[in-house]
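First up is the structure itself, then whatever we jot down about it.
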Amino acid sequence: MNDKLGNWKRTHRCGDLTAHQIGHDVCVMGWVQRRRDHGGLIFIDLRDREGIVQLALDPDRDLASHQKAEQVRNEFVVAARGKVSPRPEGTVNPKMKTGEVEIEVTELAILNRSETPPFMLDEYTEVAENIRLKYRYLDLRRPALQGNLMMRHLVAKTVRNYLDSQGFIEVETPVLTKSTPEGARDYLVPSRVNTGNFYALPQSPQLFKQLLMVSGFDRYFQIVKCFRDEDLRADRQPEFTQIDCELSFVDRNDVMDVMEGLIAKIFHEALGVDVSLPMARLSYAEALDRFGVDNPDLRFGLELVDITSRVAASQFKVFADVASGGGLVKALNAKGCSSFSRKELDDLTDFVKIYGAKGLAWVKVTENGWQSPIAKFFNEAELAELNQVLDAEVGDLLMFMADTPAVANEALGRLRGHLGHKLGLTRKDDYKFVWVTDFPLLEWDGEARRHVAVHHPFTAPLEEDIPLLDSDPGKARAQAYDLVLNGSEIGGGSIRIHDQAVQSRMFELLGIGQDEAQEKFGFLLDALNFGAPPHGGIAFGLDRIMMILTGADSIRDVIAFPKTQKATCLLSDAPNEVADKQLQELGIRLRAQQK
RNA sequence: GGGGCUGUAGUAGAGUCGGUUACAACGCCGGCCUGUCACGCCGGAGGUCGCGGGUUCAAGUCCCGUCAGCCCCGCCA
């Protein structure tokens, strides 16, 4: 039989007790981290979200509570009354925040018992993630995850305070909304009242926040769940949280300025790190040229060098053919890496093949010149020129990639990131921000044989590029911007089209006919005709920001109840089959599973 | 849809070349212990080697399939 809470009132949290409370009578409640039974004396480490404090139970002080403590096991829920006392000489534990004191218990209550937990809730035990996810409520008792979620709360609070101070108003938008073409696969929700019709869960509140600008709210924000039915990754969950913002009467510099302030505030509050402003800015074209990717990690150099024109006339056919065929030949210099083993080089080659590269040429720069399978194809002048543009010195490892521009950039850019990690150049407490701007507005989808929006269909082109919409739409750049932190895209947005004519032209370019545009987005097009202000916005991935703030390698470590890579919940067992009656009410019949 | 890694007591691991009864640690249970703090000492219980099939005199070990977790490609405006 458990003890009743009765009139016991907690006075302190365990982790808050220090020398300041010495002499105070206190009452604490929490979970038993560990019991140490010395036959006579019993020590209990009692844990709550703030930390751990030691209870000392002496039979000479109170026999009843000592006897009760003999029954106590790990994870029992216990309340203790007693006096905060300095620990005897020589028994202070400097590893604990509360290590100078202990509670001399005079009354102990067992508020609830616990089965032996399936795994030890200490910092030393590594447990398989499927076990942790099944017993998520236990895993969440551990200090690491408690800390992550408490910091998440602090960040959300900071976001609300900052945006409020900047004149933003938090407005909720519908979760049951309309499925629209473009973008990610929607999660669908069948409508019972309108049999055969479906809502979609929002991929983002994009259209609604634009409508709020038309409504004159001027500045909107929302910390909001978004849903995308796509495959998961270490930093991607099917439901995730955005810090969603939209502003009226602004250009993109205004948006970036306000948002830099938000990010700086978050880092100051959460980590005590002061981000220097303004943040770096890089055009999309320059990002690709120097780093191969549009989300460069600026914590280290290893920049890519375009050598296409320098190898066009070389005897090395692989390079020369690519160079003359519209491809790209790029290189990077891994300083001091000529000691890489054959196996390491093979691994790097395998790595770039993941991104479609056919191979990777490498050169070890030695005192006797190039040591490389491709050295023989280059004459003295060419060697000298390449050494010069790549800043090659003895001990360096040069790597070359020749392919289509898309593959060469992506593969070598990813290799650059891979090397940065491998060489230990990516400190987690080093924070390098960069805005990437001037993205292309459109990209050609060879399969669908039409243009698709790089950002989304409501993104405004650069004003100077509007004529290109008619002459060469693929060349038009967008008033879009991504915020990249340490190689991770943590946010992105754009100035929107507020002119109905431009928006219609945009749909035309995307191959969305007038009728279809009216059917899918008519409410937005109508709204643009009723005095839509110039506006733009941005959305940050709160989960990704939290990953970086906490140093988590997985997005699951910053979400209370995450899903597995197959989008299931091991705790609740979602998704599951539903009763036939439910399907009947919805007018749904399941198709036979195709094998 | 594809590539890769992992799967052995409650937990996390070892298990050699296929060969007797599958090991030790932590946890758990019992006993002892009045200054420990990942307490210590003594004793004990605990196994569908993920699952299914195959090869073999013999499979945790080799082969095929499958399931689950993780990482990646595709996908993610």
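Convention: sequence-line order gives letters A, B, ...; per-chain numbering from 1.
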*Can you tell me the distance, in whole Å, between the CG atom of Leu232(A) and the C1' atom of C72(B)?*
13 Å
*Taking atom P of G4(B) as reference, at what distance in whole Å does atom CG of Asp231(A) sit?*
18 Å
_Any N or O donor-acceptor pair under 3.5 Å from the base of G74(B) to the side chain of Glu230(A)?_
no
*asked:* So Thr459(A), base contact, sugar-phosphate only, or nothing? Heavy-atom distance under 4.0 Å.
replied: nothing
*Step by step, would you call Leu121(A) with Asn74(A) a side-chain contact (heavy atoms from CB on, under 4.5 Å)?*
CA-CA 9 Å; Leu121(A) 302 184; Asn74(A) 285 351; over 6 Å; no
*Given the C1' atoms of U21(B) and A68(B), what is the spacing between them in whole Å?*
31 Å
*Do Met506(A) and Leu442(A) have side chains that get closer than 4.5 Å, going by heavy atoms?*
yes
*Would you check, one step at a time, whether the test salt bridge (Lys or Arg N to Asp or Glu O under 4.0 Å) holds for Arg13(A) with Asp48(A)?*
CA-CA 7 Å; Arg13(A) 292 213 167 82; Asp48(A) 62 21; 5.0 Å; no
*Glu123(A) CD to C37(B) C1': how many Å, rounded?*
12 Å
N/O to N/O distances under 3.5 Å, protein versus nucleotides 29-31 of chain B:
residue	atom	partner	partner atom	Å
C29(B)	OP1	Arg73(A)	NE	3.2

_What is the distance, to the nearest angstrom, from the CZ atom on Arg233(A) to the C1' atom on C72(B)?_
6 Å
*RNA chain B contacts among residues 408-423 of chain A, heavy-atom distance under 4.0 Å*: Arg414(A)
*Taking for each residue the nucleotide of RNA chain B with the nearest heavy atom, is it Thr91(A) or Tyr355(A) whose nucleotide lies nearer the 5' end?*
Thr91(A)
*asked:* Using heavy-atom distances to pick each residue's nearest nucleotide on RNA chain B, tell me which of Ala234(A) and Pro88(A) is more 5'.
replied: Pro88(A)
*asked:* Say we look at G46(B) and G40(B): how far apart would their C1' atoms be, to the nearest angstrom?
replied: 23 Å
*Rounding to the closest angstrom, what is the interatomic distance between G1(B) and A38(B) at atom C1'?*
47 Å
*Does Glu100(A) CD have over 12 foreign heavy atoms under 6.0 Å away?*
no
*In Å and rounded to the nearest 0.5 Å, what is the CZ to CG distance from Arg35(A) to Asp45(A)?*
12.0 Å
*Kindly point out which of C71(B), A68(B), C76(B) is positioned nearest to the side chain of Ala184(A)?*
C76(B)
_Any donor-acceptor N or O pair under 3.5 Å, side chains Gln222(A), Thr173(A)_ = yes
Tabulated below should be each protein N or O lying under 3.5 Å from an N or O of nucleotides 43-47 of chain B; please produce it.
none

_I'd like the P distance from C75(B) over to G13(B), given in whole Å._
35 Å
*If you look at every strand shown and take non-hydrogen atoms under 4.0 Å, does Ser494(A) touch a base, only sugar-phosphate, or nothing?*
nothing
*Above 12 or not: heavy atoms from other molecules or residues under 6.0 Å from CH2 of Trp31(A)?*
no
*Given atom CG of Asp347(A) and atom P of G4(B), what is their separation to the nearest angstrom?*
15 Å
*Nearest-Å distance, CD1 (Ile103(A)) to C1' (C37(B))?*
15 Å
*Determine the interatomic distance between P on C71(B) and the same-named atom on C41(B); round to the nearest Å.*
39 Å
*Neighbour count above 12 (heavy atom, 6.0 Å) for Asp472(A) CG*: yes
*With the side chain of Asn74(A) defined as its heavy atoms from C-beta on, choose the nearest nucleotide among C39(B), G27(B), C70(B).*
G27(B)
_Steps toward salt bridge (Lys or Arg N to Asp or Glu O under 4.0 Å) verdict (Glu50(A), Lys97(A))_ = CA-CA 10 Å; Glu50(A) 300 302 326; Lys97(A) 187 177 147 204; 5.5 Å; no
*Is the Phe458(A) ring parallel, tilted or perpendicular to the His456(A) ring (thresholds 30°, 60°)?*
tilted
_Interatomic distance, Gln242(A) CD vs C76(B) P [rounded to whole Å]_ = 16 Å
*Identify the residue among Arg47(A), Arg142(A), Arg113(A) that makes a salt bridge (charged side-chain N to carboxylate O under 4.0 Å, His left out) with Glu75(A).*
Arg47(A)
*The side chain of Tyr124(A) lies closest to which of these nucleotides: A38(B), C37(B), C76(B)?*
A38(B)
_Nearest-Å distance once atom C1' is located in both C73(B) and G18(B)_ = 37 Å
*Between Glu508(A) and Ser504(A), does any side-chain donor sit less than 3.5 Å from a side-chain acceptor?*
no
*Under 3.5 Å on both distances, the Watson-Crick or G-U partner of U16(B)*: none
*Touch check for Glu102(A), heavy atoms < 4.0 angstrom, all strands: base, sugar-phosphate only, or nothing?*
base
*asked:* Only pairs with both distances under 3.5 Å count, Watson-Crick or wobble alike; so what is the partner of G43(B) in this structure?
replied: C29(B)
*Round to the nearest Å and state the distance from Lys134(A) atom NZ to G50(B) atom P.*
17 Å
_Per Arg34(A) side chain, nearest of listed nucleotides C76(B), G27(B), C71(B)_ = G27(B)
*Pick base, sugar-phosphate or nothing for Arg35(A), based on heavy-atom distances below 4.0 Å to the nucleic acid.*
nothing
Could you pull out the protein-nucleic contacts involving nucleotides 8-15 of chain B (nitrogen or oxygen on both sides, under 3.5 Å)?
residue	atom	partner	partner atom	Å
G10(B)	O2'	Pro118(A)	O	2.6
A12(B)	OP1	Ala128(A)	N	2.4

*Specify the residues of residues 37-50 of chain A, ordered by number, for which at least one heavy atom lies under 4.0 angstrom from an atom of RNA chain B.*
Asp37(A), His38(A), Gly39(A), Gly40(A), Leu41(A), Phe43(A), Asp45(A)
_I'd like the P distance from G44(B) over to C39(B), given in whole Å._
23 Å
*Go through Lys209(A) and Arg496(A) one step at a time and tell me if the side-chain contact (heavy atoms from CB on, under 4.5 Å) criterion holds.*
CA-CA 11 Å; Lys209(A) 68 175 174 177; Arg496(A) 326 298 182 189; 3.4 Å; yes
_Less than 3.5 Å apart, any donor N or O on the side chain of Gln518(A) or Gln514(A) sitting next to an acceptor on the other?_
no
*Among Asp122(A), Ile44(A), Ile52(A), Leu46(A), side chain to side chain contact (heavy atoms under 4.5 Å, CB included) partner for Arg34(A)*: Asp122(A)
_Please pick, from C75(B), C71(B), C73(B), the nucleotide with the shortest atom-to-atom distance to any side-chain atom of Arg236(A)._
C75(B)
*Reckon Lys95(A) has a side-chain N or O less than 4.0 Å from the OP1 or OP2 of C37(B)?*
no
*Does Phe351(A) have any ring-ring contact (aromatic ring centres under 6.0 Å, His included) partners at least two apart in sequence or in another chain, and if so, which?*
Tyr355(A), His418(A)
*Taking the P atom of each, how far is G69(B) from G19(B), in whole Å?*
33 Å
